[in-house]
Every structure is written in C-alpha cells, then in structure tokens.
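A quick write-up on the structure given underneath.
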2 protein chains.
Amino acid sequence: MQFDDKVPIYYQIKNNLYHRIVAGDLAPGEKLPAVRQLAVDLTVNVNTVQRALSEMVTEQVLTSKRGVGNFVTMDTARITALKQRLSHGYIERLYTQLHALRLSDGEIVTAIQAYITANKEE
Amino acid sequence: MQFDDKVPIYYQIKNNLYHRIVAGDLAPGEKLPAVRQLAVDLTVNVNTVQRALSEMVTEQVLTSKRGVGNFVTMDTARITALKQRLSHGYIERLYTQLHALRLSDGEIVTAIQAYITANKEE
DNA sequence: TATTGTGTAATAGAGAAGTAGAACACTATT
DNA sequence: AATAGTGTTCTACTTCTCTATTACACAATA
C-alpha cells in the first residue's frame, strides 16, 4: 500500500480498511491480522496501526478482544451504512470540485462517462 | 475559507487558487492581492501563503515581480491544461474509490446522476 | 530622495504525526 | 505453570507544518 504524504498515514489506513470491509474482502466477524503483522505488511509502525484501529473500534466498525485480536463488526447494517456514507461523500466531493471548475451538471456526467469509456479500451 | 486539518494549509491554498484561476474568477494577467493581505484574508501566516505562491510560480501558473506583486499567468493554454489536469484527477480518484467499494461502471454513473437529481430539487 | 507597498528570506518555537523500543495486560495452548 | 501470541500503553526522538517576528530587496511615487 502506498501512501499520500499530504494526509496522515493512520487516516489512510482507516480508509483502506473501510474499503476492504465494505468490499467484503474482510467479512463481518472476520479476524484481522495481528497489529504487528499489519505494521510489517504496511511498512509502518505498530503505533500508527494501533491509532487507526482504535479509532475504528470507537466507531464500532471493529471490535477488539485483548489478547485475542481485532474483528470486523457483525453488524451488517453498520457496514451498509458505512458504504453509503463513503460513496455519498466521495460523490459529493467530486461534484463540488468540478462545480468549482465551472463544469455544468451535464458536463460532469459527460466527463465521467468519457472517462469510463476511455478506461474500458485499455 | 475553512481548512481541512488533515491536509497542509499551504496545499489547500494552492488548490483554492487553482480553482479561482480555472474558473476565471482570477483572470490571466490579473494581479493577486498582496501576500500580507492574503494572509489576513485567510487568517494564516505570510510564510504559509508564500509557500503556496512560490510553488505556483515554479509551476508557472503564477509569475512574480519583486516589489510589485504576483500575477496570474498570461498563458491561457497553461490554464486550460491545468483545468484538464484537475478535473481528470478528480474523476480518476472518484472512480478508483467507488470501484474499491465494488460499484460497477453502470452503478457509478447512476449514483452520480441520482446525486445531481436529488441536488436540483433542494 | 524619502516613504510606502510589495515580494523574499531567515530564525526560533510550538504542535502533530510518525518511528523506535520497551513494557504491561490478557488469552490460548502446551 | 510456562510459553507464545495478542492488544495496549508509554517515553523519547525526528520531521514536517505552521506561526511569529524580523530583516532585506525592489518598485512606485510623492
């Protein structure tokens, strides 16, 4: 995983885990790799991983059992809500940004369709 | 202007200026407010403004005349290219993010159209 | 030429993020 | 009971961002 040095690493780790949970790559109830293992995988310090995880525990996206491991929540409704929140947020940001560049609603849709079309041919 | 504490302020100032230039709010050749004035307007330190501006000078989006002021480039092709670069980057990021959430190409377009439709009615 | 407005640069300090390393608390297993 | 694997916490250090302050360089103008 590569990081954007403009954004805190722990924050990017959180988002990466969000994505893997929403995508089902990490299933409800599934145990995460140990914090030390995650740190190695991400070539990051344990504390940085811990910060990301502990925030997600507070948000109840993860649960933590001391001496055992960290687990994805079993509450699928919460995961669905997370997906909703993330996708809506991403779209809203894009819309705001393109609007600031003075693209009309129609131009925005067209630009995205053009991007997708161009991508398919690769 | 409000700042996101997850991203460096100088970086956000750059993006804000990019947007204002691309949108034509700041015309080619137009003089920017004095750095000290910008600092006051943004409630930020002069050095922070200076860092944003000097990077944009390096990128040749702005030109600087010591003792006179900072000016938007007269090179309209460069501004057009900037708009292209920004909008493409924004779209690419959204696409990547929604794809990571396992939305198909069709669902992506639909979701954006839905967002725009919902927005119009407000 | 003196003053004012402008960009530019340099220093010192505060705070946040990240790293490194160690220690502690708990669980499961042998 | 001992050991290994796990989460959790703490301290010290570095780097980056931002602030505050001061000083310098250049241009326009009274």
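For clarity, every value in this text was computed on a predicted model and none was experimentally measured. Atom set for the values below is all heavy atoms of this structure, side chains included, hydrogens, waters and symmetry mates excluded. Lettering follows sequence order; numbering is per chain, from 1.
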Determine, using the 4.5 Å side-chain heavy-atom cutoff (strictly less than), whether Val44(B) and Tyr11(B) are members of one ILVMFWY cluster.
-> no
Whole angstrom is fine here: how far is it from CG in Asn70(A) over to P in dC26(C)?
-> 16 Å
When every non-hydrogen atom of Ala100(B) is compared with those of Ala23(A), the smallest separation belongs to O-CB, 3.5 Å
Whole-Å distance, Ile9(A) CD1 to dT17(D) P, equals 13 Å
Honestly, is Arg85(A) close enough over Tyr18(A), meaning NZ or CZ under 6.0 Å from the six-membered ring centre and within 45° of the axis?
-> yes
Let me know the distance between NZ of Lys6(B) and C1' of dC16(D), rounded to the nearest Å.
-> 16 Å
Taking Leu53(B) as the fixed residue, which of Val35(B), Ile13(B), Val61(B) is the one that meets the side chain to side chain contact (heavy atoms under 4.5 Å, CB included) rule?
-> Val35(B)
Distance-only donor-acceptor check, side chains Asn16(B) and Gln12(B), under 3.5 Å | no
Leu32(A) has an atom CG; how far is it from atom P of dG5(D), in whole Å?
-> 19 Å
Taking NZ, NE, NH1 and NH2 as the nitrogens, is one of them in Glu59(B) or Lys14(B) under 4.0 Å from a carboxylate oxygen of the other?
-> yes
Where along residues 44-59 of chain B does a heavy atom come under 4.0 Å from DNA chain D, residue by residue in number order?
-> Val44(B), Asn45(B), Asn47(B), Thr48(B), Arg51(B)
Going by modelled atom types, is there a donor-acceptor pair between the base of dT8(D) and the side chain of Arg36(A) at under 3.5 Å?
-> yes
Interatomic distance where NZ belongs to Lys14(B) and P belongs to dT17(D) [whole Å] = 12 Å
Determine the minimum heavy-atom distance between Arg102(B) and Glu107(B), stating which atoms define it.
-> O-OE1, 3.9 Å
Phe3(B) atom CZ is separated from dT19(D) atom C1', nearest whole Å, by 14 Å
Would you give a per-nucleotide map of nucleotides 25-30 of chain D, 5' to 3', where B means the base has a protein non-hydrogen atom under 4.0 Å away, S means only the sugar-phosphate does, and - means neither?
-> BBS---
Is it possible for you to say whether Phe71(A) and Leu62(A) belong to one hydrophobic cluster, with membership spreading through side-chain heavy-atom contacts below 4.5 Å?
-> no
Please tell me which of the listed nucleotides, dT17(D), dT8(C), dA17(C), lies nearest to the side chain of Pro8(A)?
-> dA17(C)
Could you walk me through whether Tyr95(B) and Asp105(B) pass the side-chain hydrogen bond (donor to acceptor under 3.5 Å, both in side chains) test, one step at a time?
-> CA-CA 8 Å; Tyr95(B) 184 79; Asp105(B) 288 359; 2.6 Å; yes
Is any side-chain nitrogen or oxygen of Tyr10(B) closer than 4.0 Å to OP1 or OP2 of dT17(D)?
-> yes
